[in-house]
Amino acid sequence: MIEKYIKLYEQGEINEGVVEEMRHFAFEAKDDDIFTIAQIFASLGLAGQAIELAEPLHETYPNEAELKNFLADLYLDLAEDNKALELLAEGNQDDAKSLLLQADMYITQGLFEVAEQKLKRAMELEPDNVLLQLAYAEYFYHIGAFDDALPLYLDVQDASLDTEIDIYSRLATCYSRIGKFEKSLGYFAKSEELHGEPSTDQLFNKAFIAHSLNDFPLAKQALLKIKGLDPSYDTIYPLLGSIYLAEGEHERAIAAITEGIRFNEFNPELYRIKARCLEAAHDIEAARDAYYEVLNLDPEDLDAALCSNRICLAMEDYEEVIANAAHYEEGGLVDDRFFWDLALSHQELENYDEALENYEKALATYGQDPAFLKDFANFLIEDGNAKEAILRLKRIVELDPSDLGAKELLEQLSAEN
């Protein structure tokens with residue numbers, strides 16, 4: 001009878017009736033035949049029914065490694081990891097298959113050090129086992145050691161492995177994480193060729209890499225595909241918005257960002273791109289408010305703070321620049337550019353002592369910046385300090401001999417003083 005069931009399985013002719021017949025046959029079958037039926041059930045995805053047959057066999061043969069590993073695999077199929085670990089821990093720690101299963105489970109549970117111990121021991125036992133090499137690659141992959149994972153994946157990529165792991169996708173990710181984006185895209189293409197439609201995560205990785213290579217058409221194609229499959233995959237929207245922004249499609253960029261905010265209103269990157277879009281569209285007041293939104297979500301974003309002040313200066317809202325600088329300093333945001341902003345603002349508000357104090361604070365950082373020196377020189381002239389202004393103008397001319405305006409002003413002041 002067992003030969004009949006094996007033949008039916010090989011021919012793909014096992015139906016519900018045959019399964020029921022096999023279950024009845026197993027009641028009085030020899031142990032070897034029961035194990036064969038359990039293996040057939042497992043191959044058909046009937047893990048529960050396979051366990052019903054395998055557990056009594058394990059009680060009869062508690063030290064049989066193949067049976068123990070088989071049963072542990074079944075427990076894993078049913079997400080009963082603790083049962084599997086308990087079973088494998090009883091067994092022979094010199095069995096590579098058992099050690100591999102344990103390592104897989106420890107990786108899943110995030111217990112990477114224990115997993116590595118199991119893998120090392122398994123590799124000592126079977127150094128040429130490609131499944132173990134793949135498991136080691138997976139270990140390195142999951143701990144983020146992509147440089148170590150890469151050669152192992154390369155070694156096993158052409159082996160005929162019966163595994164659900166998409167090795168080409170893994171290679172694509174490894175290459176992307178070490179900055180080899182062209183190779184990464186090549187392996188994504190191989191993955192799609194071999195495995196068909198990629199997952200949304202794989203599509204996003206592909207889009208990210210294409211974006212890094214400034215291949216915006218390919219990046220957009222992948223992002224829009226994700227959007228069609230799962231519009232709530234909110235990490236696509238900052239990338240999509242940034243592409244539209246780079247292409248000068250400001251309305252599309254803002255539409256993409258607005259849609260992204262609907263799905264995740266707490267992502268500061270969405271507001272950063274929104275602010276840049278609004279600036280590019282010359283809606284500077286709305287851009288400033290968007291930078292404030294960034295700071296509400298990420299109070300440590302120095303760039304957003306600096307940009308908000310830059311816009312306030314452009315709007316001639318000097319009181320706000322001063323209030324912002326005080327607020328940012330209270331929150332721990334410190335940058336010498338704030339001194340320059342404060343100097344300009346106090347100068348415009350005719351707070352000359354405060355303006356001079358902030359110009360002098362900024363001088364240590366911006367003393368070689370012609371634009372700053374020009375602002376400082378203009379202030380010194382306005383404040384009646386021509387001698388100091390001449391020093392700043394001389395430095396501008398040294399730094400940029402082509403600045404005719406600074407030369408002319410220097411000659412005029414020098415003649416007068």
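The first residue of the sequence shown is numbered 1, and numbering continues consecutively from there.
Ion pairing between a basic and an acidic side chain is recognised when a charged N comes within 4.0 Å of a carboxylate O; K361 and E357 show such pairing. Under the 4.0 Å criterion applied to side-chain N and carboxylate O atoms, K97 and D73 are assigned as salt-bridge partners. Of the charged side-chain nitrogens involved, none lies within less than 4.0 Å of a carboxylate oxygen, so that D303 and R272 do not count as a salt-bridged pair. Ion pairing between a basic and an acidic side chain is recognised when a charged N comes within 4.0 Å of a carboxylate O; R276 and E279 show no such pairing. For the pair R392 and E388, the salt-bridge criterion is met [side-chain N within less than 4.0 Å of a carboxylate O]. Salt-bridge formation is not detected for the pair K190/E193: no Lys NZ or Arg NE/NH1/NH2 atom is positioned less than 4.0 Å from an Asp or Glu carboxylate oxygen.
At least one side-chain heavy atom of L185 sits less than 4.5 Å from a side-chain heavy atom of K206. At least one side-chain heavy atom of L333 sits under 4.5 Å from a side-chain heavy atom of L295. Using a 4.5 Å heavy-atom threshold, the side chains of N378 and L409 count as touching. A heavy-atom distance below 4.5 Å is not found between the side chains of Q49 and L44. Under the 4.5 Å side-chain criterion, counting only non-hydrogen atoms from C-beta, L363 is in contact with L373. Between S176 and F208, every side-chain heavy-atom pair lies at or beyond the 4.5 Å cut-off. Under the 4.5 Å side-chain criterion, counting only non-hydrogen atoms from C-beta, R23 is in contact with E52. With contacts defined as side-chain heavy-atom distances shorter than 4.5 Å, the pair L349/E354 does not qualify.
Separating the CG atom in L125 from the CG atom in L132 is a distance of 8.5 Å, to the nearest 0.5 Å. Once rounded to the nearest 0.5 Å, the distance linking CD1 of I165 with CG of L134 reads 4.0 Å. Atom CZ of R121 and atom CD of E124 lie 5.5 Å apart (nearest 0.5 Å). Atom OH of Y237 sits about 10.0 Å away from atom CG of L223, to the nearest 0.5 Å. Atom OH of residue Y271 and atom CD1 of residue I261 lie 4.0 Å apart, to the nearest 0.5 angstrom. Distance check, rounded to the nearest 0.5 Å: CG of L224 to CD1 of I236 gives 7.5 Å.
Between F35 and F70, the distance separating the two ring centers is shorter than 6.0 angstrom. The aromatic ring centres of Y141 and F146 sit less than 6.0 Å apart. Here the two rings, on Y244 and H250, have centers that are 6.0 Å apart or farther.
With a 6.0 Å radius and a threshold of 12 heavy atoms from other residues, nucleotides or ligands, E285 has its CD atom at or below the threshold. Counting non-hydrogen atoms of other residues, nucleotides and ligands closer than 6.0 Å to CD of E251 gives a total of 12 or fewer. Residue Q11 places its CD atom among more than 12 non-hydrogen atoms of other residues, nucleotides or ligands, all under 6.0 Å distant. The 12-atom threshold is exceeded at NZ of K220, counting heavy atoms of other residues, nucleotides or ligands nearer than 6.0 Å. Heavy-atom neighbours of E329 CD from other residues, nucleotides or ligands within 6.0 Å: at or below the threshold of 12. Atom CD of E398 sits in a crowded spot, with more than 12 heavy atoms from other residues, nucleotides or ligands closer than 6.0 Å. Under a cut-off of 6.0 angstrom, the local environment of CZ in R177 is sparse, with at most 12 non-hydrogen atoms contributed by other residues, nucleotides or ligands. Counting non-hydrogen atoms of other residues, nucleotides and ligands closer than 6.0 Å to CD of E247 gives a total above 12.
By the 30° and 60° cut-offs, the orientation of the rings of W340 relative to F372 is perpendicular. Using cut-offs of 30° and 60° on the angle between ring planes, the pair Y139 and Y136 is perpendicular.
In summary, the side chains of E126 and N129 do present a donor paired with an acceptor at a separation below 3.5 Å, with no hydrogens or angles considered. Side-chain polar atoms of E138 and Y153 form a donor-acceptor pair below 3.5 angstrom. Of the N and O atoms on the side chains of S169 and H195, not one donor lies less than 3.5 Å from an acceptor on the other residue.
Under the 3.5 Å distance criterion, the side-chain polar atoms of S191 are left unmatched by any main-chain donor or acceptor of Y187. A donor-acceptor distance shorter than 3.5 angstrom exists from the side chain of T258 to the backbone of I254, with no hydrogens or angles considered. Judged by distance alone, with hydrogens and angles left aside, the side-chain atoms of D230 form no donor-acceptor pair with the main-chain N or O of I226 at under 3.5 Å. Using modelled atom types, one side-chain atom of S308 and one backbone atom of A305 make a donor-acceptor pair closer than 3.5 Å.
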(request) Kindly indicate, with the supporting measurements, whether the criterion side-chain contact (heavy atoms from CB on, under 4.5 Å) is fulfilled by E182 and L213. (result) CA-CA 8 Å; E182 291 87 352; L213 292 169; 3.5 Å; yes
(request) Would you check, one step at a time, whether the test side-chain contact (heavy atoms from CB on, under 4.5 Å) holds for F376 with E360? (result) CA-CA 9 Å; F376 197 1; E360 288 176 341; 4.3 Å; yes
(message) Between Y291 and D301, is the side-chain hydrogen bond (donor to acceptor under 3.5 Å, both in side chains) condition met? List the steps.
(response) CA-CA 9 Å; Y291 281 123; D301 191 317; over 6 Å; no
(request) Could you walk me through whether I143 and D148 pass side-chain contact (heavy atoms from CB on, under 4.5 Å), step by step? (result) CA-CA 10 Å; I143 65 170; D148 294 316; over 6 Å; no
(request) Applying side-chain contact (heavy atoms from CB on, under 4.5 Å), run through E320 and R288 and close with a yes or a no. (result) CA-CA 11 Å; E320 182 135 352; R288 179 201 59 187; 4.0 Å; yes
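For the salt bridge (charged side-chain N to carboxylate O under 4.0 Å, His left out) criterion with E259, the lone passing option out of K274, K227, R252 is K227.
What you find for A355 and Q347 is that their closest heavy atoms are CB-N, 3.7 Å. The minimum heavy-atom distance between L171 and L154, with the atom names listed, is CD2-CD2, 3.7 Å. Shortest non-hydrogen contact noted between Y359 and L344 is OH-CD2, 3.4 Å. Nearest heavy-atom pair across T173 and F188 is OG1-CZ, 4.5 Å. Between L313 and D341, the shortest heavy-atom distance links the atoms CD1-OD1, 3.5 Å. Between A253 and G241 the shortest heavy-atom distance is CB-O, 3.5 Å.
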